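Throughout, a chain's letter reflects where its sequence line sits, starting with A, and its residues are numbered from 1. Because only heavy atoms are used, hydrogens play no part in the values below, and waters and symmetry mates are left out as well, while side chains stay in. Note that the structure is predicted; figures quoted are calculated from it, not measured.
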Number of protein chains: 2
Amino acid sequence: MALSLHEPVHPQLGPWLDTVVCGDCLEVLSRLPAGSVDMVFADPPYNLQLRQELHRPDASLVDAMDESWDQFASFADYDEFTHAWLAACRRVLKDSGTLWVIGSYHNIYRVGCALMDLGFWVLNDIVWVKNNPMPNFRGVRFTNAHETLLWCKKSEESKGVCFNYQDMKLENGGKQMRSDWYFPLCTGPERLKDDAGNKLHPTQKPLALLERAVKASTRPGDVVLDPFAGVATTAVAALRHGRRFVAIEREPYYVRAAHARLASELEPVMPLLAAAGA
Amino acid sequence: MALSLHEPVHPQLGPWLDTVVCGDCLEVLSRLPAGSVDMVFADPPYNLQLRQELHRPDASLVDAMDESWDQFASFADYDEFTHAWLAACRRVLKDSGTLWVIGSYHNIYRVGCALMDLGFWVLNDIVWVKNNPMPNFRGVRFTNAHETLLWCKKSEESKGVCFNYQDMKLENGGKQMRSDWYFPLCTGPERLKDDAGNKLHPTQKPLALLERAVKASTRPGDVVLDPFAGVATTAVAALRHGRRFVAIEREPYYVRAAHARLASELEPVMPLLAAAGA
DNA sequence: CAACACCGTGAATCGACAA
DNA sequence: GTTGTCGATTCACGGTGTT
C-alpha cells in the first residue's frame, strides 16, 4: 500500500508499513530497524484490579473490563512488562522522535516512573477530560472523569522534536493549546460493534483524541507506531492526516476488525490510488 | 490553643497541635505518635536543589560521572527522600485516614509509584486545572495548565475512610464532584508578599483548593497534618472549617510568615476564645 | 413532523457490620 | 476469613419509541 507521495521512509520498514501486524509487540518490535519511527502512541493495558461486581443504583450490572490481557499478578510483573515495551519502542524511535502513553491512575504513575528511568524526558502531561464519564455509583469517591497522557522525547538532550505549535494554536481558537483536552467518550456511530451489537473493543479511544496527538507531534509522511493497536484508531488518525503507520496488535479478533475498519476508511480513495498506480 | 469544642484528639499530640513547628519533617514526624492524624496533605519539594540537600558520599566522583548516571542518581535520591517522608506520614496516619499529595509532571509520577509501593491505595487522582496558567513562551510545548493531586487510603484493606459525598455534591451544584477541579492560581490579595512586595513563597497554593480537600476528606475536629507547610495554607483551611492541624516547615523564614498569617487569621475570633477561656 | 419519554451504557481498582 | 443483611447510591448522550 503506497498511501503517501512523500519521501520514502526508512527502507527496511516496508513489510510493516501501513498495515496492522498480528503478533506480540516485543517480538515484532525486535524485528523493526532502530531509529525508524517518528512517533509512538501507546495505549497499554491499564492493570485494572476489579474486586467484585458493581451494580448501578437501579440494580443493573456494570459491564466491566475483565479481559485477561489486562491482568497482572503484581506491581513487579507490570513494571517488568512496562520497562520491556518502553525500551523496545525507544530503540525503534528516531532521536528526534516522541512517545505518547495514555493511562489512568491505575497504571500511569508506574508508566511515568518507568519511562523516566529509561531516559525519556517528559515534555508535557496532558489530561483528557471527559464530559460524559461513568458516575461513581456508590458515592464513595470523586467521579473518575479524566485520563492522563504523557508526551516525551527520547532523552533530555534530544533535538529537533516536532511540535506544530501554530496548528495547535489555530485549533484552539488562536490561543496556545493547553494541557487540558476536552473530548467525549467514544460512543455512538464511532464506537465499533460486533455482530450482536455489543462493543467490539472494551477501550476504544475517541478518534479526535488521536488526531490531536498526531497533528501536534508529527509531519505529513512521518511514521507513527502503535504497539497496542486494538482496533487501530491511531492508524486511522495517521491515515486521515497523511502520516504512515506501523500498528501491532496481538489479538487476532481485534486485528481482523482493524483491517476491516481500515478498508472501510480507504474505500472512498481506492479508485484514486489505483489511478495513481496505473 | 484550644480551637475546637470537639472530642479531644490523640492525647500525645498536644505540643504539636494547632501550630506550625519549625524543623525537619522526618525528625518531627518521628516524635509524633503512630495513628494520630486523620488526614495528610503534602506539597513536597520537587526542585533539583534537593540534590544539594541530600548528602552525597563523594561529590567529586559524582562530577566525573556521565549525565545519565547523574540523572539516575538524582532520581534515586529523590525516590529515597520520597519513600522516607511517605513512610513517616503513613506511620502517624490512622488506619481510616487518607493522604493527599500534590505535584506536577516533574515529580508526581515518582511520588505516585512510591506511595503505591508503600502500600497506599489510590482512591482518586485529581487534576487542578488552572484558568490562568503561565503560557509557554517559547511555543515548544503545550501550556502546562494543570497540576495533579493523588488521594489515597492507607492500604487496600482500610475501612472507614471519610468522604463527605453529599457536601461535595452540594458544592458542585447538585451533581457528583468530579476529578477535574477548576481554581485560579493564588494571586492578588491572597498571595502573601514580603516587605519589598515580592511573593513571599514561590509555590503558595490557592486556599480554595485546600479547603476542598479538607472539606471532602475530614470531619470537624479531625487532625490534618502538613509535613511541608510552607506558609500554612493547609492550616488556614483547617482552621476555617473547624479542623485541628499539625504543620511542619523547615525554613524559619516561612515559619515566621505562617505564624503571622495564622495570627491574622485568628484575630477576629481571639476575643471569643478569651471569653470562652475565662 | 416535532417534542418528549424512556432506556441502555461507558477503562470502575466504588460498604459496614454482625454472626 | 466467610456469609448474610441492611442500606445508600448515577451523569451525559445516543438510540428508540410514543404522543
Output a table of nitrogen or oxygen pairs between the protein and nucleotides 16-19 of chain C separated by less than 3.5 Å.
| from | atom 1 | to | atom 2 | distance (Å) |
| --- | --- | --- | --- | --- |
| dA16(C) | OP1 | G160(B) | N | 3.1 |

What are the bounds, 5' to 3', of the part of DNA chain D that sits under 4.0 Å from heavy atoms of chain B? dT9(D) to dA12(D)
Any side-chain heavy atom of L225(B) sitting closer than 4.5 Å to one from L29(B)? yes
Filter on side-chain hydrogen bond (donor to acceptor under 3.5 Å, both in side chains), then keep only pairs touching residues 128-140 of chain A, sequence neighbours left out; what's left? K130(A)-E147(A)
Sequence-distant partners of R56(A), side chain to side chain contact (heavy atoms under 4.5 Å, CB included), two or more places apart: D58(A), S60(A), V62(A), F137(A)
So what does Q71(A) hit on the nucleic acid, given a heavy-atom distance under 4.0 Å: a base, only sugar-phosphate, or nothing? nothing
Whole-Å C1' distance, dA12(C) and dC6(D): 23 Å
Applying salt bridge (charged side-chain N to carboxylate O under 4.0 Å, His left out), can you list everything that pairs with R212(B), at least two apart in sequence or on another chain? E171(B)
Does anything in residues 195-210 of chain A form a salt bridge (Lys or Arg N to Asp or Glu O under 4.0 Å)? List the pairs, not counting sequence neighbours. D43(A)-K205(A), D63(A)-K199(A)
Given the C1' atoms of dG15(D) and dA11(C), what is the spacing between them in whole Å? 23 Å
Result for 5'-nearest mapping on DNA chain D, choosing between G139(A) and N131(A), is G139(A)
Please tell me if the side chains of R240(A) and L207(A) come closer than 4.5 Å, counting only heavy atoms from C-beta onward. yes
Quick check: do V246(A) and L17(A) have side-chain heavy atoms less than 4.5 Å from each other? yes
Tell me, which pairs form a side-chain hydrogen bond (donor to acceptor under 3.5 Å, both in side chains) where one or both residues lie in residues 102-119 of chain B, sequence neighbours left out? R110(A)-D117(B), D117(A)-R110(B), D125(A)-Y109(B), Y78(B)-N107(B), D79(B)-R110(B), S104(B)-H106(B), Y105(B)-R141(B)
Just one of T98(B), L149(B), T233(B) clears the side-chain contact (heavy atoms from CB on, under 4.5 Å) bar with F41(B), so which one? L149(B)
Taking dT10(D) as the reference, what is the distance to dC7(C) when you measure between their C1' atoms (whole Å, please)? 14 Å
side-chain hydrogen bond (donor to acceptor under 3.5 Å, both in side chains) partners of E211(B), counting only residues at least two apart: H241(B)
What string of B, S and - do you get for nucleotides 7-12 of chain C, 5' to 3', if B is base contact, S is sugar-phosphate-only contact and - is no contact with any protein heavy atom under 4.0 Å? --BBBB
For DNA chain C, just give me the dot-bracket, please: Watson-Crick or G-U, both distances below 3.5 Å, ( ) intra-strand, [ ] crossing earlier pairs, | paired with another strand, . unpaired. .|||||||||....|||||
Applying side chain to side chain contact (heavy atoms under 4.5 Å, CB included), can you list everything that pairs with S264(A), at least two apart in sequence or on another chain? none
Without hydrogens or angle criteria, can the side chains of R178(B) and Q176(B) be said to hold a donor-acceptor pair below 3.5 Å? no
Not counting sequence neighbours, which residues clear side-chain hydrogen bond (donor to acceptor under 3.5 Å, both in side chains) with Y182(A)? List them please. D180(A), Y182(B)
Pick the closest DNA chain D nucleotide for K169(B) and for P189(A) by heavy atoms, then say which residue is nearer the 5' end. K169(B)
